[in-house]
Amino acid sequence: MGQEPSVCEESVYNNIYRTHAEGLRNYLYYKFGDMQRAEDIVHDSFVKLWSICSTVVYKKVASFLYSISRNLMIDTLRNKKVALKFEKGLVKEQDNEDPYFKLRTKEFQLKLESVISNLPEKQREAFLMNRIDKLTYKEIAIRLEVSETAIEKRISKALIKLNSITEIKDFSI
């Protein structure tokens with residue numbers, strides 16, 4: 001029985017980075033919607049991994065990275081929320097838009113975000129790759145290593161679920 005590689009070996013660590021960094025960044029981006037922050041969190045996660053590499057089991061390195069990065073992103077979002085509350089108290093908003101329009105727009109945005117976040121992971125991933133990254137079905141199929149038909153089905157199902165929010169009665173923008 002062969003010995004498990006050490007995460008502290010530079011070549012192993014570099015291979016882990018090459019294998020997981022892009023997927024981790026995409027996961028964070030699709031989950032939280034901020035590419036720059038996702039890239040920063042990925043780097044912070046790998047710094048954390050390096051700092052405690054002797055305690056991380058090689059077979060569990062991927063789950064460790066995803067857990068650390070998700071927690072770092074949540075911490076960052078909490079800090080941002082506190083900062084925004086503070087700024088909002090300092091800056092008085094001046095707004096000429098119709099309050100009803102703003103309310104309905106905000107409701108729609110929240111509903112849209114909720115529906116997207118509640119899509120099954122595979123549907124959400126394919127949908128966002130198509131709509132945000134502007135990838136074709138074929139390009140998505142290649143990246144995810146599935147058939148083009150599977151991608152068509154995933155995006156179609158996501159669109160059906162997203163279409164449900166446009167069926168809200170009395171909603172007019």
Side-chain angles (χ1 to χ4, degrees), residues 1-87 109-110 112-162:
M1 189 169 187
Q3 187 177 359
E4 192 172 87
S6 170
V7 176
C8 293
E9 289 180 37
E10 190 173 344
S11 61
V12 173
Y13 178 84
N14 289 338
N15 188 45
I16 292 168
Y17 183 85
R18 280 190 300 275
T19 304
H20 297 289
E22 184 179 355
L24 191 56
R25 184 204 65 211
N26 290 342
Y27 164 76
L28 292 170
Y29 174 60
Y30 294 147
K31 190 157 182 80
F32 299 102
D34 185 337
M35 180 61 82
Q36 183 61 47
R37 188 167 285 137
E39 289 174 350
D40 292 344
I41 297 292
V42 167
H43 291 149
D44 292 345
S45 299
F46 276 94
V47 168
K48 177 97 171 159
L49 174 63
W50 184 254
S51 70
I52 59 169
C53 63
S54 61
T55 63
V56 178
V57 178
Y58 179 77
K59 288 181 181 178
K60 297 186 179 190
V61 75
S63 62
F64 171 82
L65 285 168
Y66 278 83
S67 295
I68 289 296
S69 64
R70 187 187 68 249
N71 292 340
L72 287 171
M73 182 62 88
I74 289 170
D75 290 346
T76 303
L77 292 173
R78 281 186 189 134
N79 292 340
K80 182 180 178 184
K81 191 174 183 180
V82 169
L84 286 174
K85 280 184 180 178
F86 178 73
E87 284 178 20
Q109 181 67 30
L110 291 172
L112 178 63
E113 289 172 4
S114 173
V115 172
I116 289 174
S117 68
N118 288 323
L119 287 172
E121 181 181 343
K122 291 178 180 183
Q123 287 179 20
R124 182 176 57 248
E125 183 178 38
F127 176 77
L128 292 173
M129 290 174 94
N130 179 252
R131 296 301 199 246
I132 294 175
D133 296 340
K134 304 293 185 206
L135 297 177
T136 65
Y137 290 1
K138 185 174 185 175
E139 291 168 329
I140 297 168
I142 291 169
R143 284 195 184 179
L144 299 180
E145 298 176 349
V146 296
S147 71
E148 200 170 332
T149 305
I151 297 303
E152 289 173 11
K153 287 180 183 177
R154 289 177 188 178
I155 293 175
S156 173
K157 287 180 179 180
L159 287 171
I160 289 168
K161 289 178 183 166
L162 287 167

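For the salt bridge (charged side-chain N to carboxylate O under 4.0 Å, His left out) test, residues two or more places apart in sequence or in another chain that qualify with R37 are D34.
Within 6.0 Å of CD in E113 there are more than 12 heavy atoms belonging to other residues, nucleotides or ligands.
Residues K161 and P120 come closest through the heavy atom pair NZ-CD, 3.5 Å. When all heavy atoms are compared, the tightest approach of V12 to P5 is CG2-CB, 4.0 Å. Between Y13 and V47 the shortest heavy-atom distance is OH-N, 4.1 Å.
Side-chain atoms of L65 and I16, non-hydrogen and from C-beta on, do get closer than 4.5 Å to each other. V146 places none of its side-chain heavy atoms less than 4.5 Å from the side chain of K122. Under the 4.5 Å side-chain criterion, counting only non-hydrogen atoms from C-beta, M129 is in contact with L144. Contact check for L159 versus R131: side-chain heavy atoms found under the 4.5 Å cut-off. The shortest distance between side-chain heavy atoms of K153 and S147 does not fall below 4.5 Å. Taking the side chain as every heavy atom from C-beta outward, M35 and R25 approach each other to under 4.5 Å. The side-chain heavy atoms of R18 and N15, taken from C-beta on, include a pair separated by under 4.5 Å.
A distance of 11.0 Å separates CG of L119 from CD1 of I155, quoted to the nearest 0.5 Å. Rounding to the nearest 0.5 Å gives a distance of 10.5 Å between CD1 of I140 and CD of E152. Expressed to the nearest 0.5 Å, how far CD of E22 lies from CG of N26 amounts to 5.5 Å. A distance of 10.0 Å separates NE2 in H43 from CG in L24, rounded to the nearest 0.5 Å. The CZ atom of F64 lies 10.0 Å from the OG atom of S69; values are rounded to the nearest 0.5 Å. Atom CD1 of I151 and atom CD of Q123 lie 11.0 Å apart (nearest 0.5 Å).
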Show your reasoning for whether side-chain contact (heavy atoms from CB on, under 4.5 Å) applies to Y17 and L49.
CA-CA 10 Å; Y17 183 85; L49 174 63; over 6 Å; no

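A donor-acceptor distance shorter than 3.5 angstrom exists from the side chain of T76 to the backbone of L72, with no hydrogens or angles considered. At distances below 3.5 Å, not a single donor-acceptor pair connects side-chain atoms of R124 with backbone N or O atoms of N118. Looking only at distances, a side-chain donor or acceptor of N71 sits under 3.5 Å from a matching main-chain atom of S67. Judged purely by atom type and a 3.5 angstrom limit, Y29 has no side-chain atom pairing as donor or acceptor with the backbone of E39.
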